[in-house]
Amino acid sequence: MAAAVSVFASPAELGEALAGLVAARAAARGGAGRFSLGLSGGSLVELLAKHLPPALRRPERPAEPWLLALCDERVAPGPNPHSTARHYRERLLPQLPAPAPTVLVPNAELGPDGAARDYGERLRQAFPGAAIPVFDLLLLGLGPDGHTASLFPGHRLLQETEEIVAALTDSPKPPPERVTLTLPVLNAARTVVFAVTGEEKAPVVKRILEGNEENPLPAARVRPHSGELLWFLDEAAAKELTIPVEKHSGL
Ligand code: 6PG
């Protein structure tokens, strides 16, 4: 399925729309027993911390329990001030309305390999009966090099087809030790949204959405098999695109 590209006048408008989408998708799961949401780090943490709680305070706020899981995590040994889980725990989780979500994050204490194994087992338990976890919604960021989650250009993990979670100790972006969901999980999701802001991303956004490269960048390999793929861009990140996009302003 082709990606649907939405362009917003500012990061704030993008954040508001993204929060609205999360709230709507959670509400749409009403009765299904649970809403599963995969979260990434970077600027997404602040976008969600600012815009998601107000979106959930609206009357249609769902009472379904949520499962929150990280798409990737930095598992540097010792004190880990850059842990994505920590950022979510500090910035977003205290603001979420009851019922408290179930939160699954890699355990950095176990080191990259141990954390990947353990996280993979806990994810499998959270999605019983599924060979590959099917998230209702995955929120992904994009690095200027085309990485997403902790899947980096040219890295062997792009070939992973068996494991649902993998470790790496050679991330080109520090810290080198990380744990990441693999492409089979990203491509099994019901909906994947890339949230990308800023001019520095414009060239890579163009390469991914308009290029047809023999060896695609990691983010270009995210094409859910039967789910939908949405790109939420601000005007700066979209400025080099020539494909048709849906423009939003003044939300
Ligand atoms: C990391 C970050 C990183 C980030 C992207 C996009 O673990 O180093 O989480 O992967 O998500 O680089 O970041 P921005 O949205 O902040 O540009």
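We count ligands from 1, going down the list as the structure has it; atoms in each ligand are counted the same way. Values reported hereafter were calculated over all heavy atoms of this structure, with side chains retained and with hydrogens, waters and symmetry mates removed. One-based numbering along the sequence shown.
For the side-chain hydrogen bond (donor to acceptor under 3.5 Å, both in side chains) condition, the pairs that include at least one residue of residues 91-106, sequence neighbours left out, are Glu46-Arg91. Within the structure, side-chain hydrogen bond (donor to acceptor under 3.5 Å, both in side chains) pairs that include any residue of residues 126-143 comprise Arg29-Asp136, Ser36-Asp136, Asp136-Arg190 (at least two apart or interchain). Note on residues 166-219: pairs passing ring pair (Phe, Tyr, Trp, His ring centres under 6.0 Å), not counting sequence neighbours, are Phe194-Trp231.
For the pairing with Ser171, the side-chain hydrogen bond (donor to acceptor under 3.5 Å, both in side chains) check across His147, Arg178, Glu177 returns one residue only, Arg178.
Side-chain contact of Thr180 with Asp72: a donor-acceptor pair under 3.5 Å is absent, judged by distance alone. When only modelled atom types and interatomic distance are considered, Arg221 and Asn215 share a side-chain donor-acceptor pair under 3.5 Å.
Protein residues are said to neighbour a ligand when one of their heavy atoms lies under 4.0 Å from it; for ligand 1 these are Gly41, Gly42, Ser43, Asp72, Arg74, Leu142, Gly143, His147, Ala149, Lys173, Arg178, Lys201.
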